[in-house]
Amino acid sequence: MKKVPIGVLVSGSGSNLQSLIDRIEEGSLDARIRIVISNNPDAFALKRCEKHGIPAAVIRHADYPDRESFDRKMAEVLHAHDVDLVVMAGFMRILSSWFLREFPLRIMNIHPALLPAFPGLHVQRQAILHGAKFSGCTVHFADEGVDTGPIIIQAVVPVLDSDTEETLAARILKEEHRIYPQAIQLYAEGRLRVTGRRVSVPDNPTPGAAAIHNPPLTGF
Ligand code: GRF
């Protein structure tokens, strides 16, 4: 199968990037990482690229007078590498309208909450403080809002009474590493249909219809 050329935008640790690298190397994800762009020269993600021989570029946002000129530079680099899909993986910058128009429905983001609940930052802490019984993660297409674009796939995890921000974040991150490769594989296979806000996957097997409860039901 033809491999979809992707560009990955990172700012930090890059564990989601690593999950894509691993799935590509084992042959289960039909993508090729043409370029990784980091706005942060110290991002650990860059070390991962070195280790796996993946081309990487640092574009410091502070070197540009405004958001759009930074984004134009990123687009120039992405186009130079013939990128089809832009994958935001822990990229801590908001994209300009110009950039979004440049890659319509071709930018994905991952967010560590069950959108539309808890957009923005520190969302694992917010889920705990709010007393949510479930949280999870979401892969969505990027649009003009913050964490608001059409939802592609979600995973649900329970929030435990004993959870700290760290333990919940770790449980969610484990699922992020599963759903991001899945979302990109569906894109690679041309199986994502977008109608307004709704993204569907024709011929998708129906997910288990059973509800999950937290706390568990005691015989009801
Ligand atoms: C992840 O939780 C992701 O959902 C959020 O930032 C974190 C990045 O982690 N957008 P990593 O850099 O992929 O390890």
Side-chain angles (χ1 to χ4, degrees), residues 6-25 29 31 33 35-52 54 56-61 71 74 85-95 99-100 103 107-130 132 134-159 163-185 187 199:
I6 66 175
V8 185
L9 310 184
V10 297
S11 298
S13 148
S15 71
N16 276 291
L17 167 68
Q18 187 68 52
S19 78
L20 304 182
I21 295 172
D22 293 345
R23 298 289 85 80
I24 289 170
E25 287 184 352
L29 175 55
I33 302 176
I35 184 77
V36 171
I37 298 177
S38 175
N39 65 317
N40 169 13
D42 301 321
F44 184 69
L46 294 168
K47 300 246 178 329
R48 300 182 193 268
C49 295
E50 243 172 65
K51 188 170 168 205
H52 292 268
I54 294 168
V58 174
I59 305 176
R60 298 169 203 245
H61 57 274
D71 283 2
M74 283 205 303
L85 179 70
V86 180
V87 174
M88 298 165 80
F91 183 65
M92 301 306 284
R93 305 285 306 166
I94 292 172
L95 299 172
F99 190 90
L100 289 159
F103 296 93
I107 307 169
M108 285 187 191
N109 184 39
I110 188 153
H111 181 74
L114 277 183
L115 292 172
F118 306 120
L121 294 175
H122 310 297
V123 295
Q124 298 91 343
R125 190 193 317 160
Q126 285 184 50
I128 291 172
L129 289 176
H130 197 90
F134 290 99
S135 189
C137 45
T138 304
V139 177
H140 63 93
F141 285 114
D143 71 1
E144 301 264 343
V146 177
D147 304 320
T148 53
I151 292 171
I152 300 166
I153 183 169
Q154 295 186 302
V156 180
V157 304
V159 180
D163 265 334
T164 61
E165 188 178 345
E166 289 72 31
T167 58
L168 178 59
R171 190 174 308 119
I172 292 172
L173 196 59
K174 217 169 144 195
E175 293 305 315
E176 292 184 39
H177 298 161
R178 303 174 71 196
I179 65 171
Y180 222 169
Q182 178 68 78
I184 296 168
Q185 181 63 20
Y187 180 94
V199 183

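Numbering of ligands and ligand atoms starts at 1, following listing order. All residue numbers in this chain count up from 1 along the given sequence.
Ranking protein heavy atoms by distance to atom 12 (O) of ligand 1, first place goes to Gly14 N, 2.8 Å. Of the protein's non-hydrogen atoms, Glu176 OE1, 3.2 Å is the one closest to atom 3 (C) of ligand 1. Of all protein heavy atoms, the one closest to atom 10 (N) of ligand 1 is Ile110 O, 3.3 Å. Protein heavy atom nearest atom 9 (O) of ligand 1, with residue, atom name and distance: Asn16 ND2, 3.9 Å. Ranking the protein heavy atoms by distance from atom 5 (C) of ligand 1 puts Pro112 CD, 4.0 Å first.
Within the 3.5 Å criterion, the main-chain N or O of Ala89 finds no donor-acceptor partner in the side chain of Tyr180.
For the pair Leu9/Met74, a side-chain contact is recorded, criterion being any heavy-atom separation below 4.5 Å from C-beta on.
Looking only at atom types and distance, the side chain of Thr148 has a donor-acceptor partner in the side chain of Asp143 under 3.5 Å away. Residues His52 and Glu25 have side chains that bring a donor and an acceptor to within less than 3.5 angstrom of each other.
Taking the centre of each ring, His130 and Phe118 come in below the 6.0 Å mark.
Ligand 1 has no nitrogen or oxygen under 3.5 angstrom from a nitrogen or oxygen of Gln124.
Selection from Ser15, Ala43, Gly90 by nearest heavy atom to atom 6 (O) of ligand 1 gives Gly90.
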Next on the checklist: With side-chain contact (heavy atoms from CB on, under 4.5 Å) as the criterion, how do Glu176 and Ser15 come out once you've worked through the C-alpha distance, each side chain's angles and the decisive distance to 0.1 Å?
Outcome noted: CA-CA 9 Å; Glu176 292 184 39; Ser15 71; over 6 Å; no
